[in-house]
Amino acid sequence: YWDVERSGSQTYEQVEVRTIYRFAEKMDLTAAVGGNWQQYSGGVPTTWYPIFRIAATYRPVDATTISLEAHQFQQVSASSLAQNYNTIGFSGSVRRRVIDKWFATAGGGYGIADYYATLPGIPPAASSTYYSVRVGVDYEFTERWTAGAFYQFQSNASDVLNSYTDNQVGVRGSWQF
């Protein structure tokens with residue numbers, strides 16, 4: 001149940017089937033497919049949207065990992081009154097050991113977000129295209145503990161909403177168990 005201020009409430013049901021398959025030591029595939037049913041409190045007809053996420057990871061050699069991903073999902077808009085959006089996109093990255101416990105990563109993604117009204121009488125806000133490019137370095141302290149830094153550039157072009165570009169620099173840490 002989504003109760004979004006100034007947007008009317010929404011009830012949704014989601015059904016999804018997921019699988020993870022390891023082809024061999026070098027390749028994994030993860031897939032999730034399903035759908036969202038959404039009911040709106042203002043007279044807008046019930047909608048059904050397909051959703052999916054498919055991701056593959058390939059390790060051609062011990063020091064290199066290649067990842068690809070594609071997705072489609074729905075989300076409530078935080079910036080547009082009484083709007084949700086449907087996003088479809090893809091991303092990819094390459095991670096490579098460069099020296100001993102140091103790794104370099106490069107990746108990017110592209111997507112399209114189409115907005116739709118959740119209350120009657122409100123026209124759809126926009127259609128946006130966005131992309132990102134990311135590079136980073138990580139140090140692997142142990143098999144479970146890594147830390148690193150990254151730079152990311154993002155661009156979002158919209159036919160109605162505010163378009164923007166954004167530069168981000170950050171640090172990250174990870175502990176796996």
Can you list, pair by pair, the side-chain donor-acceptor contacts under 3.5 Å of residues 16-23, counting residues two or more places apart and other chains?
| from | atom 1 | to | atom 2 | distance (Å) |
| --- | --- | --- | --- | --- |
| Glu16 | OE1 | Arg18 | NE | 3.1 |
| Glu16 | OE1 | Arg18 | NH2 | 3.4 |
| Arg22 | NE | Asp28 | OD1 | 3.2 |

Do Tyr130 and Val133 sit in one hydrophobic cluster, given that two such residues count as connected whenever their side-chain heavy atoms are within less than 4.5 Å of each other, even indirectly? no

Non-neighbouring partners of Arg172 that pass salt bridge (charged side-chain N to carboxylate O under 4.0 Å, His left out), sequence neighbours left out: Asp138

Indicate if Tyr131 and Tyr151 have the same hydrophobic cluster label, given that clusters are the connected sets of ILVMFWY residues with side-chain heavy-atom separations under 4.5 angstrom. yes

Only one of His71, Gln74, Gln72, Gln75 forms a side-chain contact (heavy atoms from CB on, under 4.5 Å) with Thr87, so which one is it? His71

Which heavy atom in Gln38 sits nearest to a heavy atom in Tyr116, and how many Å separate them? OE1-OH, 3.0 Å

Going hydrophobic residue to hydrophobic residue with side-chain gaps under 4.5 angstrom, can you get from Val94 over to Phe153? yes

Side-chain donor-acceptor pair under 3.5 Å between Gln39 and Thr11, yes or no? no

Would you give the length of the straight line joining atom CZ of Arg96 to atom CZ of Phe103, rounded to the nearest 0.5 angstrom? 10.0 Å

Could you please spell out the steps behind the side chain to side chain donor-acceptor pair (under 3.5 Å) verdict for Arg59 and Thr65? CA-CA 5 Å; Arg59 293 169 289 286; Thr65 303; 5.6 Å; no

Heavy-atom pair of closest approach, residues Tyr110 and Thr129: OH-CG2, 3.7 Å

Gln154 and Asn156: side-chain donor and acceptor closer than 3.5 Å? no

Residue list, ring pair (Phe, Tyr, Trp, His ring centres under 6.0 Å) with Phe150, at least two apart or on another chain: none

Do any pairs count as a salt bridge (charged side-chain N to carboxylate O under 4.0 Å, His left out) and have a residue in residues 101-115, sequence neighbours left out, and if so which ones? none

Crowded around Asp62 CG? As in, over 12 foreign heavy atoms under 6.0 Å? no

Examine distances only and state if a side-chain atom of Ser163 and a backbone atom of Ser158 form a donor-acceptor pair shorter than 3.5 Å. yes

Which word best sums up how the rings of Tyr139 and Phe141 line up, parallel for under 30°, tilted for 30 to 60°, or perpendicular for over 60°? perpendicular

Is the CD atom of Glu25 crowded by more than 12 outside heavy atoms at less than 6.0 Å? no

Would you mind reporting whether Leu68 and Tyr58 have side-chain heavy atoms less than 4.5 Å apart? no

Taking the side chain as every heavy atom from C-beta outward, state whether Val15 and Trp37 have any pair of such atoms under 4.5 Å apart. yes

Show me, pair by pair, the donor-acceptor contacts under 3.5 angstrom made by side chains of residues 46-55, not counting sequence neighbours?
| from | atom 1 | to | atom 2 | distance (Å) |
| --- | --- | --- | --- | --- |
| Thr47 | OG1 | Tyr40 | OH | 2.8 |

Taking the side chain as everything from C-beta on, heavy atoms only, tell me whether Gln176 gets closer than 4.5 Å to Thr142. no

If I take atom OH from residue Tyr164 and atom OG from residue Ser155, how far apart are they, to the nearest 0.5 angstrom? 8.5 Å

By ring pair (Phe, Tyr, Trp, His ring centres under 6.0 Å), which residues pair with Tyr85, not counting sequence neighbours? Tyr115

Got a second to check how far Lys26's NZ is from Thr57's OG1, nearest 0.5 Å? 14.5 Å

Calculate, to the nearest 0.5 Å, the distance between atoms CD and CG belonging to Gln14 and Asn36 respectively. 4.5 Å

